[in-house]
Amino acid sequence: MSDPVAQQKRYYAERAPEYDDWWYRRGRYELEPAALARWQADVAEAEAALEAFAPRGTVLELAAGTGIWTRKLVRLADRVVAVDANAKTLALNTSDAELMCADVFEWEPTERFDLVFFSFWLSHVPEQRFDEFWMLVRAALVPGGRVFLVDSGAGDTAHTGTDQADGEETRSLADGRTFRIVKRRRRPDELAQRVRPLGFELELRDTENGHFLYGRGSLA
């Protein structure tokens with residue numbers, strides 16, 4: 001399988017049982033104490049930013065995965081619709097959200113939301129589909145709707161990626177299988193500038209230790 005978009009869809013389906021181990025740094029993802037403290041500080045920073053952002057009303061989460069962020073959103077918003085392409089992954093998500101199995105690259109919203117949220121997804125969108133994805137976000141938002149995103153920082157190395165080049169990288173599973181996926185890390189100013197012509201104003205920053213990029217925004 002040579003198509004990195006198809007490979008990453010398969011990769012995340014197969015990775016579902018171990019995805020949370022990466023986030024919580026368990027097992028093969030374990031970090032030494034100092035590195036773990038830096039990771040946890042950046043997690044806390046991103047979580048606090050979402051709390052301060054105060055999601056409210058109806059929320060659409062794209063590429064919701066196993067629900068690490070979905071579980072935070074359902075505590076803060078009135079209603080959460082969580083979309084993901086993989087049934088295996090969604091099976092690990094929370095029933096407190098409305099779960100929808102659909103490919104984000106093919107799905108079209110049938111309603112509009114107060115907020116569109118996505119975490120660790122934008123860096124998996126190929127450059128040739130970048131504008132298309134943001135048009136989906138635009139179509140899903142009510143007038144004056146808001147956006148919040150979390151993703152890998154441009155300098156983050158605390159992952160399972162190897163052979164990073166040309167917006168792609170090789171990822172491995174615990175059983176040794178490897179997949180070539182899309183992974184394009186962006187700097188806050190670069191990303192904000194990239195989406196401005198698409199009608200969005202984003203306020204973005206990197207976490208203190210550089211693991212994550214996060215921020216808020218709205219339709220311009």
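A quick note: this is a predicted structure, and the numbers were derived from the prediction, not measured.
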Next item on the list: Would you sort out whether D20 and R15 count as a salt bridge (Lys or Arg N to Asp or Glu O under 4.0 Å), showing the intermediate values?
Entry: CA-CA 9 Å; D20 287 8; R15 191 188 176 198; over 6 Å; no
Check: Is the ring centre of W39 less than 6.0 Å from the ring centre of Y29?
Finding: no
Could you state the interatomic distance from [atom1] ([X]) to [atom2] ([Y]), rounded to the nearest 0.5 Å?
X    : Y    : atom1 : atom2 : result
R112 : R138 : CZ    : CZ    : 9.0 Å
L149 : R216 : CG    : CZ    : 12.0 Å
R26  : D21  : CZ    : CG    : 4.5 Å
R194 : L122 : CZ    : CG    : 9.5 Å
T66  : L92  : OG1   : CG    : 6.5 Å
S218 : L141 : OG    : CG    : 9.5 Å

If we only count heavy atoms from C-beta on, is the [X] to [Y] side-chain gap below 4.5 Å?
X    : Y    : answer
L198 : M135 : yes
I181 : P4   : no
L60  : D114 : no
R56  : L115 : no
K183 : S152 : yes
E51  : L76  : yes
V150 : L213 : no
L99  : V81  : no

Note: [X]-[Y] ion pair, threshold 4.0 Å (strictly below):
X    : Y    : answer
R185 : E169 : yes
E111 : R79  : yes
E47  : K72  : yes
D189 : R187 : no
E14  : R171 : no

Checklist line | E208: partners by salt bridge (Lys or Arg N to Asp or Glu O under 4.0 Å), with sequence neighbours left out | finding: none
Item checked: Chi angles and distances behind the side-chain contact (heavy atoms from CB on, under 4.5 Å) call for T89, N93 -> CA-CA 7 Å; T89 307; N93 208 305; over 6 Å; no
Item checked: Within 6.0 angstrom of E32 CD, more than 12 heavy atoms from elsewhere -> yes
Notebook entry, point to check: Near Q193 CD, under 6.0 Å, is it more than 12 heavy atoms from other residues, nucleotides or ligands?
Noted result: no
Item checked: F117: partners by ring-ring contact (aromatic ring centres under 6.0 Å, His included), with sequence neighbours left out -> W69
Item checked: Pair T70-E61, side chain to side chain donor-acceptor pair (under 3.5 Å): steps then yes or no -> CA-CA 7 Å; T70 316; E61 183 181 10; 2.5 Å; yes
Note to self: The test is side-chain contact (heavy atoms from CB on, under 4.5 Å); show your working for L136 and W107 and say whether it passes.
What the structure shows: CA-CA 9 Å; L136 165 65; W107 180 73; 4.2 Å; yes
Verify same cluster id: [X], [Y] (apolar side-chain graph, 4.5 Å):
X    : Y    : result
Y19  : Y24  : yes
W121 : V182 : yes
F120 : V59  : yes
L204 : F53  : no

Checklist line | Evaluation steps, salt bridge (Lys or Arg N to Asp or Glu O under 4.0 Å), between R186 and D151 | finding: CA-CA 9 Å; R186 293 178 170 86; D151 215 313; over 6 Å; no
Looking only at heavy atoms, what is the nearest atom pair of [X] and [Y], with distance?
X    : Y    : result
A174 : E18  : N-OE2, 3.2 Å
R28  : S172 : NH2-O, 2.8 Å
A63  : D84  : C-OD2, 3.4 Å
G57  : A77  : O-CB, 3.7 Å
A192 : L202 : CB-O, 3.9 Å
P188 : D206 : CD-OD2, 3.5 Å

Taking [X] for the side chain and [Y] for the main chain, is one N or O donor matched with an acceptor at less than 3.5 Å?
X    : Y    : result
E201 : G217 : no
R177 : L173 : no
D3   : V5   : yes

Check: For the ring-ring contact (aromatic ring centres under 6.0 Å, His included) test, which of Y12, F130, F118 pairs with H124?
Finding: Y12
Notebook entry, point to check: Quick one: which of W134, F148, F133 gives a ring-ring contact (aromatic ring centres under 6.0 Å, His included) with F200?
Noted result: W134
Check: Cation over ring, R205 on Y214, under 6.0 Å and within 45°?
Finding: no
Notebook entry, point to check: Honestly, is R129 close enough over F105, meaning NZ or CZ under 6.0 Å from the six-membered ring centre and within 45° of the axis?
Noted result: yes
Margin query: With salt bridge (Lys or Arg N to Asp or Glu O under 4.0 Å) as the criterion, how do E190 and R184 come out once you've worked through the C-alpha distance, each side chain's angles and the decisive distance to 0.1 Å?
Written below: CA-CA 12 Å; E190 172 196 355; R184 185 179 294 274; over 6 Å; no
Next item on the list: Start with the C-alpha gap between V116 and L62, add the side-chain angles, then the distance that decides, and say whether side-chain contact (heavy atoms from CB on, under 4.5 Å) holds.
Entry: CA-CA 7 Å; V116 174; L62 297 172; 3.8 Å; yes
Next item on the list: Given side-chain contact (heavy atoms from CB on, under 4.5 Å), test L73 with L50 step by step and report yes or no.
Entry: CA-CA 9 Å; L73 291 168; L50 179 63; 4.2 Å; yes
Next item on the list: List the steps, then state whether side chain to side chain donor-acceptor pair (under 3.5 Å) holds for R180 with T170.
Entry: CA-CA 5 Å; R180 192 70 177 171; T170 301; 2.8 Å; yes
